Protein chains: 2
Amino acid sequence: MNSDIIQNKGLKLTKHKLAILEAFKLHKHLDAHQINTILNKKGNVVSAATIYRVLASFEANGIIVRHNFKEDQAVYELADPSHHHDHLICTKCNKVIEFYNCQIEILQEEIAKKNKFEIINHHLNLYGICSDCKKTHPAGL
Amino acid sequence: MNSDIIQNKGLKLTKHKLAILEAFKLHKHLDAHQINTILNKKGNVVSAATIYRVLASFEANGIIVRHNFKEDQAVYELADPSHHHDHLICTKCNKVIEFYNCQIEILQEEIAKKNKFEIINHHLNLYGICSDCKKTHPAGL
DNA sequence: GTAATTGCAAACCGTTTGCACCCGA
DNA sequence: TCGGGTGCAAACGGTTTGCAATTAC
């Protein structure tokens, strides 16, 4: 249950937190502005400050994780430690596809070992054109 | 020659552009603020606006590439299309180590093909603790 | 000479924060 | 009740931009 996710972390259950969590169930990857739009459409008016505070709190409590797909805006998605994945991002339509490749993960560990690095985290973002956008602009225009 | 790099792109050669290019020869990865500091130390006072404009122009002309190691600040490095590489970033001391792994590149292409994606670009950032910082904080503190 | 470059200050945009009020447990 | 949550507006930090003066070619 969504309310459990929030309360299990010792956070107070509020209408806004629930609404934000529900937004992530419907749309995997969201930035603060998109969340605002979604909540507004549902008649849920929330100040930007609250959205940022809820996002920060959710991130600190491991409910969501932050990504930097866009260079100037934070994008979040629900955390799922048991299902790590990386992302393909379409630079035309901003579609995001998740993938997981075990071999790449292993190679990353080897690279870290070679460089005496202890990996804490990683981001692998593949930017490109998705099949839909290729159809729309077959010559790459 | 540094001046050639600038003029070959049809850009006007100026003292500031040269100084910024030289900064990149000494320090591989730089953000706007660091460039400002470096130039100031050399007695080269440059306005922030100019730095950003030069960076934008260099990037548009393929002289440098932008990275998003930090979530809230753009980091640039000299472009070198013939020597693609990815990065290990130490979250303690911000050290950046470059690496290249052919197998990972191949796997990425396979993933793209599977998803009917045409990759244009990618960022693989491995965040962790470098060996020096592990020594300083052996228990991870 | 002329278009590109620069400095300054103001604008911008995403995000954060101080403060007073509100509300969930 | 009371400490966390919220809205508002102001602040913040990195970046961009309008404009007038300067400079490379």
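Lettering follows sequence order; numbering is per chain, from 1. Because the structure is a prediction, the values reported are computed rather than measured.
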Asks: From dG7(D), dT16(D), dA4(C), pick the nucleotide closest to the side chain of Arg66(B)?
Replies: dT16(D)

Asks: Output the single nucleotide from dT6(C), dT15(C), dT6(D) whose closest atom is nearest the side chain of Thr14(B).
Replies: dT6(C)

Asks: Can you tell me how far C1' of dG24(C) sits from CD of Gln7(A), to the nearest Å?
Replies: 9 Å

Asks: Please report the distance, rounded to the nearest Å, between OH in Tyr52(B) and C1' in dT6(C).
Replies: 16 Å

Asks: Would you classify Asp31(B) as touching base, sugar-phosphate or nothing, given that sugar-phosphate means primed atoms plus P, OP1 and OP2, and contacts are heavy atoms under 4.0 Å?
Replies: nothing

Asks: Evaluate the criterion side-chain hydrogen bond (donor to acceptor under 3.5 Å, both in side chains) for residue pair His33(A) and Gln73(A); output intermediate values, then yes/no.
Replies: CA-CA 9 Å; His33(A) 186 256; Gln73(A) 221 175 346; 5.5 Å; no

Asks: Using five pairs at either end of the helix from dG1(C)-dC25(D) to dA25(C)-dT1(D), determine the angle between the two local helix axes and round it to 10 degrees.
Replies: 30°

Asks: Without decimals, in angstroms, what is the distance between His16(B) NE2 and dT22(D) P?
Replies: 14 Å

Asks: Any donor-acceptor pair under 3.5 Å linking the side chain of Tyr127(B) with the backbone of Phe69(B)?
Replies: yes

Asks: Let's see if you can work this out: which of dT15(C), dT5(C), dG5(D) has an atom nearest to the side-chain heavy atoms of Leu11(B)?
Replies: dT5(C)

Asks: Can you check the Lys12(B) NZ to dT6(C) P distance for me, whole Å?
Replies: 9 Å

Asks: For Asn61(A) and dG4(D), give me the distance from atom CG to atom C1', rounded to whole Å.
Replies: 13 Å

Asks: Working to the nearest 0.5 angstrom, can you tell me the gap between Lys113(B) NZ and Glu109(B) CD?
Replies: 7.5 Å

Asks: Provide, to the nearest angstrom, the distance between the NZ atom belonging to Lys17(A) and the C1' atom belonging to dG5(D).
Replies: 6 Å

Asks: Hey, could you give me the NE2/CG distance between His84(A) and Asn121(A), rounded to the nearest 0.5 Å?
Replies: 8.5 Å

Asks: Can His122(A) and Gln108(A) be counted as having a side-chain donor-acceptor contact under 3.5 angstrom?
Replies: yes

Asks: Report yes if the side chains of Val75(A) and Val96(A) come closer than 4.5 Å at any heavy-atom pair, otherwise no.
Replies: no

Asks: For the pair made of CZ in Arg53(A) and P in dC19(C), what is the distance, rounded to whole Å?
Replies: 13 Å

Asks: Please state whether the phosphate of dT6(D), meaning OP1 or OP2, lies under 4.0 angstrom from any side-chain nitrogen or oxygen of Thr50(A).
Replies: no

Asks: Please classify the nucleic acid contact of Ala56(B) as base, sugar-phosphate, or nothing, using heavy-atom distances under 4.0 Å.
Replies: nothing

Asks: Taking CD from Gln73(A) and C1' from dC12(C), how many angstroms apart are they, rounded to a whole number?
Replies: 14 Å

Asks: Looking at Thr37(B), Asn36(B), Asn44(B), which one forms a side-chain hydrogen bond (donor to acceptor under 3.5 Å, both in side chains) with Asn40(B)?
Replies: Asn36(B)

